[in-house]
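Data block below; observations after.
Reminder, nothing fancy here: chain letters follow the sequence lines and each chain counts from 1.
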There are 2 protein chains.
Amino acid sequence: MNGNNGKAGTEGRTGKSGANTAESVKTLVIHEAVVKKVQKGIPREEILYDLADFFKILGDSTRIRILYALNISEMCVWDLSFVIGISRSAVSHQLKILRQANIVKYRKEGKIVFYSLSDEHIKSFLDNGLEHIEES
Amino acid sequence: MNGNNGKAGTEGRTGKSGANTAESVKTLVIHEAVVKKVQKGIPREEILYDLADFFKILGDSTRIRILYALNISEMCVWDLSFVIGISRSAVSHQLKILRQANIVKYRKEGKIVFYSLSDEHIKSFLDNGLEHIEES
DNA sequence: TCTATATGTGAACATATATTCATATATAGA
DNA sequence: TCTATATATGAATATATGTTCACATATAGA
C-alpha cells in the first residue's frame, strides 16, 4: 500500500527559456506566472503522498464496503464477512490495512474482535463521499 | 480503472443457524440484529462500487498532484508536466482517466489544451481531503 | 502543402496488490 | 491440558495499473 512514492524526473523542455518580462510571459509555452503561482500554492509533497495513500486505501470495493458497514455499526470479523460476502481471511487482511492507517479501531470481547470507525472525522468523511457520489 | 467489480461468493458459515428469539440472538457468533441493521442501512452495491472507483482515481500520487495543482489554477499539459515533474505522456494518460471520470474538464486555445477541475464540488472535496490529512 | 509544436494514445513492461490456502495465534470452556 | 472457535497472517498467484517508448493526431503559421 505504498506504491505511490516513485519520484520521476522532469522531461527536458524544448520550449524557449530565458529572461521574460511580464508581457512576454504570455507567449511562452510554459506560462511562468501560472507555474509560479501553482508551485507556491500546491500542498507539500509529503501531504500529497499522504493524501494519495489515504484515498488509495478507500479506493477498494472490499474496504469501502467494510467501512460503510462499520459506519452503521461496529461489527465482528465474522459478521463483516457475512454481510460483505467475502472470506473472513480476506476481511482480516483488509482490516489490518485499515487498522494500520488508523481508519478503524477495535475492541476485544473474549474471542470476538469488534471493529469500528476510528473517529467522527472518518465518519463525516465517508458521509461526504457518499453525498458526492449520490449527487452525480 | 475498473478492477473493483469482482463479486465474491459468501463463505459457508459453520455457526449455528435457525430461528432465534430476540434473547438468543446475543449468544450467536453472527449477531443477527446488527447484521440486519447493517444490511438495511448500507448503501446499494452500485453506489459502493462508484465510491470505490472514485476514491481509487484519487488514490494515485500523480493524479493527486495534478488535481491539487489544478485546484489552484487551470493549466496546460506542458505546465502540468513541468510543475509535477513527470513526462507529458504520463500526464496525458492520467488526464484521460480524470477526464473520463468527469473530475477535470478542458478547453482548447489553439494547440494548447487547458485543464481545470470540472466543478466546485470537486474543489470542495479536495479541500476537505486536505483538511482531513493536515489534521492528522 | 510542409514544418513545428502541443497533445493524445496503443503496446509493452514492471510493479503493486487483493484474494486464496494453509497454518498460526488467542481465548473460552470442558 | 485438550478441544473448539474466532481471528490473524505469510506465501503464492492472478490481476490491475502507472510509466515509458514510439508514433499518431491536431493546430498554427510559413
Given [options], the nucleotide with the shortest approach to the side chain of [X]:
X       : options                   : answer
S87(B)  : dT7(C), dA28(C), dT20(D)  : dT20(D)
I86(B)  : dT19(C), dA8(D), dT19(D)  : dT19(D)
S92(A)  : dT17(C), dA8(D), dT7(C)   : dA8(D)
R99(B)  : dT7(C), dA26(D), dT9(C)   : dT9(C)
D60(B)  : dT7(C), dT7(D), dG18(D)   : dG18(D)
K111(B) : dG18(D), dA28(D), dT7(D)  : dA28(D)
K108(B) : dA26(D), dT19(C), dT27(C) : dA26(D)

**Message:** Y68(B): which residues meet the side-chain hydrogen bond (donor to acceptor under 3.5 Å, both in side chains) condition with it, sequence neighbours left out?
**Reply:** none
**Item:** All side-chain hydrogen bond (donor to acceptor under 3.5 Å, both in side chains) counterparts of E120(A), not counting sequence neighbours
**Value:** none
**Complete:** The residue, Y106(B) or E109(A), whose nearest nucleotide of DNA chain C is more 5′ is Y106(B)
Dump the pairs, protein N or O against N or O of nucleotides 10-14 of chain C, anything under 3.5 Å, distances to one decimal.
unit_1, atom_1, unit_2, atom_2, d
dG10(C), O6, H93(B), NE2, 2.8

**Request:** Go through the steps for F55(A) and H132(B) under the test ring-ring contact (aromatic ring centres under 6.0 Å, His included), then give the verdict.
**Result:** CA-CA 11 Å; F55(A) 285 127; H132(B) 174 73; 8.6 Å; no
Atom [atom1] of [X] to atom [atom2] of [N]: distance rounded to whole Å?
X       : N       : atom1 : atom2 : answer
I97(A)  : dT17(C) : CD1   : C1'   : 8 Å
I64(B)  : dT17(D) : CD1   : C1'   : 17 Å
Q100(A) : dA8(D)  : CD    : P     : 12 Å
D53(A)  : dT17(C) : CG    : C1'   : 14 Å
I57(B)  : dT17(D) : CD1   : C1'   : 12 Å
L80(A)  : dA8(D)  : CG    : C1'   : 15 Å
I66(A)  : dA18(C) : CD1   : C1'   : 11 Å
K56(A)  : dT17(C) : NZ    : C1'   : 9 Å

**Request:** Please report the C-alpha distance between D127(A) and N71(A) in whole Å, then the side-chain angles of each, then the deciding distance to 0.1 Å, and finally whether the side-chain hydrogen bond (donor to acceptor under 3.5 Å, both in side chains) criterion is met.
**Result:** CA-CA 9 Å; D127(A) 291 339; N71(A) 197 26; 3.1 Å; yes
**Fill in**
Between C76(B) and I112(B) the two heavy atoms that sit nearest each other are CB-CG2, 3.4 Å
**Minimum heavy-atom distance between N102(B) and S118(B), given as atom pair plus value** = O-OG, 2.7 Å
**Message:** A side-chain contact here means heavy atoms from C-beta on lying under 4.5 Å apart; do F54(B) and Y49(B) qualify?
**Reply:** no
**Complete:** When R63(A), R99(A), R65(A) are each screened for side chain to side chain donor-acceptor pair (under 3.5 Å) with Q94(A), the one that passes is R63(A)
**Request:** Considering just the side-chain nitrogens and oxygens of R63(B), establish if one lies under 4.0 Å of OP1 or OP2 belonging to dG18(D).
**Result:** yes
**Asked** Does the side chain of Q94(B) get closer than 4.0 angstrom to OP1 or OP2 of dT17(D) through an N or O atom?
**Response** no
**Asked** According to the Watson-Crick and G-U wobble definitions, with both distances under 3.5 Å, which nucleotide is paired to dT27(C)?
**Response** dA4(D)
**Asked** Is Y115(B) touching bases, backbone alone, or none of the nucleic acid, heavy atoms closer than 4.0 Å?
**Response** sugar-phosphate
